[in-house]
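For ligands, and for the atoms within them, numbers begin at 1 and follow the listed sequence.
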Amino acid sequence: MNQPTNSAQWKSICRIEDIPVLGARRVAREHGTAVAIFRNADDKVFALLDRCPHKGGPLSQGIVMGESVACPLHNWNIGLADGCAKAPDVGCTTPFRVKLDDNGVVHLDAEELNRLAIEAFEQTA
Ligand code: FES
């Protein structure tokens, strides 16, 4: 499910060392809200729209715990794999496909970067 059908869609973004452990790197897009790439203590990487489903807080500035991130504004815990708030909170942000290759390079799906969560941005811009 995490693999694009066309591997040529992968866009290299940075090396895993460029992402702080238990933190995130923000990737700006031509249109729409930036994408946050997170790195956890096990060097797993995840990517979410950098906007909390609660009130739009910058998830890239949150602290990673296991496979979730605590939003810096009101401390909701957002699942890194699915972008959804942990109960009792509700709501989801947009997850993006991300890949860490054997050379330690992190990639995002270029097609998703150009397409996902663009409309939401245009409505609020
Ligand atoms: S904006 Fe993220 S918890 Fe409120």
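- A donor-acceptor distance shorter than 3.5 angstrom exists from the side chain of R29 to the backbone of L113, with no hydrogens or angles considered.
- The distance from ligand 1 to the heavy atoms of C71 drops below 4.0 Å at these ligand atoms: 1 (S), 2 (Fe), 3 (S).
- Side-chain atoms of D42 never come within 3.5 Å of backbone atoms of K44 as a donor-acceptor pair (strictly under, hydrogens ignored).
- Annotation for P95 and E112: closest pair O-OE1, 4.5 Å, computed over non-hydrogen atoms.
- Angle ND1(H54) to atom 4 (Fe) of ligand 1 to ND1(H74): 100° [nearest 10 degrees].
- Side chain to side chain, H107 and D101 meet the donor-acceptor criterion of an N or O pair below 3.5 Å.
- Near G57, meaning under 4.0 Å from any of its heavy atoms, are these atoms of ligand 1: 1 (S).
- Under the 3.5 Å distance criterion, the side-chain polar atoms of D18 are matched with a main-chain donor or acceptor of R15.
- Near K55, meaning under 4.0 Å from any of its heavy atoms, are these atoms of ligand 1: 1 (S).
- Near W76, with a cut-off below 4.0 Å to any heavy atom, the atoms of ligand 1 are 3 (S).
- Close approach of ligand 1 to C52 (heavy-atom distance below 4.0 Å) involves ligand atoms 1 (S), 2 (Fe), 3 (S).
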